[in-house]
Number of protein chains: 4
Amino acid sequence: MTRAGGTRAALLDAALAVFNERTYGDTPVAVVADRAGVSVGTLYRYFPSKEALGNAVYRLWKQRLAERLAAERSAGASYESTFAAMFRTFVGFAADHPEAFAFLELQQHESYLDVDSRTASTSIDQTAVDFVVQGQRAGEIRAGDPRMLVALVYGALVGLVKARRAGLRLTDEDLAAARAATWALLDVRSQAE
Amino acid sequence: MTRAGGTRAALLDAALAVFNERTYGDTPVAVVADRAGVSVGTLYRYFPSKEALGNAVYRLWKQRLAERLAAERSAGASYESTFAAMFRTFVGFAADHPEAFAFLELQQHESYLDVDSRTASTSIDQTAVDFVVQGQRAGEIRAGDPRMLVALVYGALVGLVKARRAGLRLTDEDLAAARAATWALLDVRSQAE
Amino acid sequence: MTRAGGTRAALLDAALAVFNERTYGDTPVAVVADRAGVSVGTLYRYFPSKEALGNAVYRLWKQRLAERLAAERSAGASYESTFAAMFRTFVGFAADHPEAFAFLELQQHESYLDVDSRTASTSIDQTAVDFVVQGQRAGEIRAGDPRMLVALVYGALVGLVKARRAGLRLTDEDLAAARAATWALLDVRSQAE
Amino acid sequence: MTRAGGTRAALLDAALAVFNERTYGDTPVAVVADRAGVSVGTLYRYFPSKEALGNAVYRLWKQRLAERLAAERSAGASYESTFAAMFRTFVGFAADHPEAFAFLELQQHESYLDVDSRTASTSIDQTAVDFVVQGQRAGEIRAGDPRMLVALVYGALVGLVKARRAGLRLTDEDLAAARAATWALLDVRSQAE
DNA sequence: AATGAATGAGCATTCATTCAT
DNA sequence: GATGAATGAATGCTCATTCAT
């Protein structure tokens with residue numbers, strides 16, 4: 001099962017897959033190695049420990065998500081349309097890489113994430129907080145602690161993806177409605193007068 | 001260290017506490033027994049397995065939350081004010097029982113939850129879905145798949161509590177703003193015309 | 001195979017035996033447990049690690065040897081007769097507990113001995129150095145760095161026991177000759193005039 | 001990092017060095033190869049196994065020591081002066097090649113030494129035993145089992161070197177005293193009349 | 001009923017050795 | 001010849017569960 005990207009990439013892929021079938025903590029490294037089509041010894045040639053492997057998987061996908069989100073801040077666009085783009089990116093990422101999204105957002109990583117991984121995670125938050133702060137200054141996003149608003153929106157998005165993962169089937173129309181509803185979380189016009 | 005409620009209650013309390021300090025999966029049963037002030041043997045007299053204990057803790061708190069939420073549907077009140085009451089109940093529950101909330105919503109239980117526990121979980125969803133469906137019929141809640149709307153709202157709430165747990169400090173004013181924003185997720189008046 | 005002294009004693013006995021058949025480093029803990037007639041898990045109930053077990057065995061026997069040696073310093077006796085008593089004690093200990101002696105003196109312990117164990121070891125040296133210093137003051141033991149003289153005598157004794165272990169058969173007469181020769185290492189009368 | 005003597009010599013040097021930093025048993029072959037500046041594969045081209053490498057190192061230095069000792073038996077010299085020369089040779093060897101001496105005398109080799117290596121070891125003993133037997137016939141060395149006397153002397157010498165290695169600092173005067181004391185182990189004149 | 005000693009399968013990790021390039 | 005990636009058996013240690021007292 002070796003891949004074009006080589007053994008290391010095969011291991012990262014296998015790890016993502018099996019960590020999702022159970023959990024990082026419940027998955028023996030032997031299972032990761034098996035899935036990647038290599039021996040345990042080989043896994044340890046590429047990653048010094050199970051923790052290092054977990055961190056590598058986490059960082060890889062957090063960074064990919066961060067890159068996709070960062071790319072959406074287009075110059076002249078309105079906040080609502082920028083939000084719509086970010087929403088689509090986020091939901092699209094979750095659709096394209098359901099295992100990666102589930103691993104990132106639906107598991108507990110506190111026990112093994114190192115500083116670099118936590119930093120990768122923070123970068124997405126920061127992008128979102130910046131967006132909210134600017135939107136508030138422009139009078140398009142409602143008042144309130146920006147981190148709180150981000151937590152609500154991010155939570156709503158995670159809730160959405162989690163529900164789909166649990167079996168909820170949504171049409172494009174549904175998703176457009178979800179986007180509109182989530183934008184209302186931020187929209188200054190939804191603010192009680 | 002036995003409690004008023006007896007050994008079983010002491011074990012459930014201890015389990016909730018220690019499952020939060022690490023994770024269900026990372027916590028040896030010996031640690032639960034220790035914390036409860038009993039021996040491992042005794043733990044196994046009250047619960048046939050670690051899984052059974054985990055399920056009991058899960059069900060206990062899911063049911064308590066469900067009861068508090070169900071109690072909020074007052075007869076003549078508007079949907080918005082009912083929502084406000086439910087929001088307060090939910091956030092209040094998380095404030096009163098932070099360990100319970102964290103255990104219920106911030107951990108993965110898939111690997112060990114039995115059917116009964118999953119049902120207990122569904123009951124809260126159902127309460128919420130019923131509320132949304134009725135609100136939609138009454139023309140006060142926006143259109144869209146009710147389960148999707150519930151997922152968004154529930155996700156937003158979890159995101160809020162998670163952020164507080166990660167260190168975000170919020171005033172009562174902030175929480176009122178969070179409630180208003182979350183209501184906008186549902187409010188028909190926030191719907192784009 | 002449980003012994004009168006209980007599981008812990010059985011483990012210490014088994015450890016001494018198997019550490020001698022190979023080496024501390026070459027002996028899996030499973031082999032120790034097997035020999036003691038218990039499971040690996042039980043071994044770990046009595047000793048937190050293999051290192052701790054190794055240290056416990058080392059300390060136990062070093063202390064027994066130290067006690068036997070310390071008991072030999074009789075009040076009015078001459079240095080030569082005190083030395084003879086210590087020599088007999090030492091050789092007798094090696095004869096009575098060949099495995100213990102071999103473990104203590106013929107293996108490398110540097111990699112795992114803790115401070116307490118090293119202290120137990122030093123106590124024997126100190127007893128010997130004190131003896132030499134007093135003998136020098138009394139004009140019965142030759143001049144020279146006392147630690148150096150102790151190293152020579154201790155080395156000679158270890159060499160003797162090692163040779164017996166390798167198959168050398170010695171009569172009581174031989175041993176008396178060995179004692180006399182070893183005393184010459186210290187005897188002021190053997191000093192070149 | 002190849003040496004004048006070629007790859008094989010570089011490997012033997014590297015092995016001696018790293019076997020002393022830890023132990024033969026604790027040293028991965030990869031560390032030996034690294035230190036020698038070659039790959040593991042190359043190491044296995046020169047030595048069929050780790051054991052073979054260990055034996056080669058052992059034999060190499062045992063033979064060098066044996067040669068230096070054997071060279072000391074000068075024709076007309078007295079036994080005491082021959083002994084003095086051998087003592088100096090031995091202590092000098094330990095000073096010139098502390099790693100080699102420590103490897104030979106302060107580690108356990110039983111688990112992997114082959115017959116040839118054991119033979120190399122015996123040859124030194126034989127030289128020493130011959131010396132003692134002749135000295136006894138000449139009436140200059142005390143009575144007693146020659147192998148026993150050799151064991152005492154060899155042990156004393158090892159004890160001396162071990163103590164120096166553990167930090168004991170000795171002047172030339174101290175060493176002369178050590179030599180005199182060690183000779184007393186053999187000297188017929190030290191024998192109790 | 002309660003205890004806690006005992007069990008042993010299971011896990012992360014290491015390392016001597018092989019072999020395709 | 002030389003390389004170093006790959007192998008997989010072996011090791012120290014953990015922990016859910018049982019059971020004699």
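Convention: sequence-line order gives letters A, B, ...; per-chain numbering from 1.
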Closest listed nucleotide, where the reference is the side chain of A:P28 and the choices are E:dT13, E:dC11, E:dA16: E:dC11

Pairing residues for A:K62 by the side-chain hydrogen bond (donor to acceptor under 3.5 Å, both in side chains) criterion, not counting sequence neighbours: A:E105

Position toward the 5' end of DNA chain F (nearest nucleotide), B:G25 or C:V40: C:V40

Pairs involving residues 13-54 of chain D, ordered by first then second residue, that meet ring-ring contact (aromatic ring centres under 6.0 Å, His included) (sequence neighbours left out): D:F19-D:Y24, D:F19-D:F103, D:Y24-D:Y112

Under the ring-ring contact (aromatic ring centres under 6.0 Å, His included) test, residues paired with C:F101 that sit two or more places apart: C:F90

Pairing residues for A:S39 by the side-chain hydrogen bond (donor to acceptor under 3.5 Å, both in side chains) criterion, not counting sequence neighbours: A:T42

A:G41 or A:D26, whichever maps to the more 5' nucleotide of DNA chain E: A:D26

B:L11 CG - E:dT3 P separation (whole Å): 10 Å

Under the salt bridge (Lys or Arg N to Asp or Glu O under 4.0 Å) test, residues paired with C:E99 that sit two or more places apart: none

Nucleotide E:dC11, atom C1' - distance to CG of A:D34 in whole Å: 14 Å

Other residues, nucleotides, ligands: >12 heavy atoms within 6.0 Å of A:R118 CZ: yes

Terminal contacting nucleotides, 5' and 3', DNA chain F versus chain D (heavy atom, 4.0 Å): F:dG1 to F:dG4

Stems where DNA chain F pairs, listed by first number, each of three or more Watson-Crick or G-U pairs under 3.5 Å: E:2-21 with F:2-21

Heavy atoms from other residues, nucleotides or ligands near CZ of B:R59 exceed 12 (cutoff 6.0 Å): yes

Contact list for DNA chain F against residues 44-52 of chain C - heavy-atom distance below 4.0 Å: C:Y44, C:S49, C:K50

Whichever of B:Y24 and A:L43 has its nearest DNA chain F nucleotide further upstream toward 5': A:L43

Residue list, side-chain hydrogen bond (donor to acceptor under 3.5 Å, both in side chains) with B:D26, at least two apart or on another chain: none

Qualifying residues under side-chain hydrogen bond (donor to acceptor under 3.5 Å, both in side chains), relative to B:Q108, sequence neighbours excluded: none

B:T42 vs E:dA2: side-chain N/O to OP1/OP2 distance below 4.0 Å: no

Pairs satisfying salt bridge (charged side-chain N to carboxylate O under 4.0 Å, His left out), at least one member in residues 38-57 of chain B, at least two apart: none

C:D116: salt bridge (Lys or Arg N to Asp or Glu O under 4.0 Å) partners, not counting sequence neighbours: none

Spacing of A:R22 atom CZ relative to E:dC11 atom P, expressed in whole Å: 10 Å

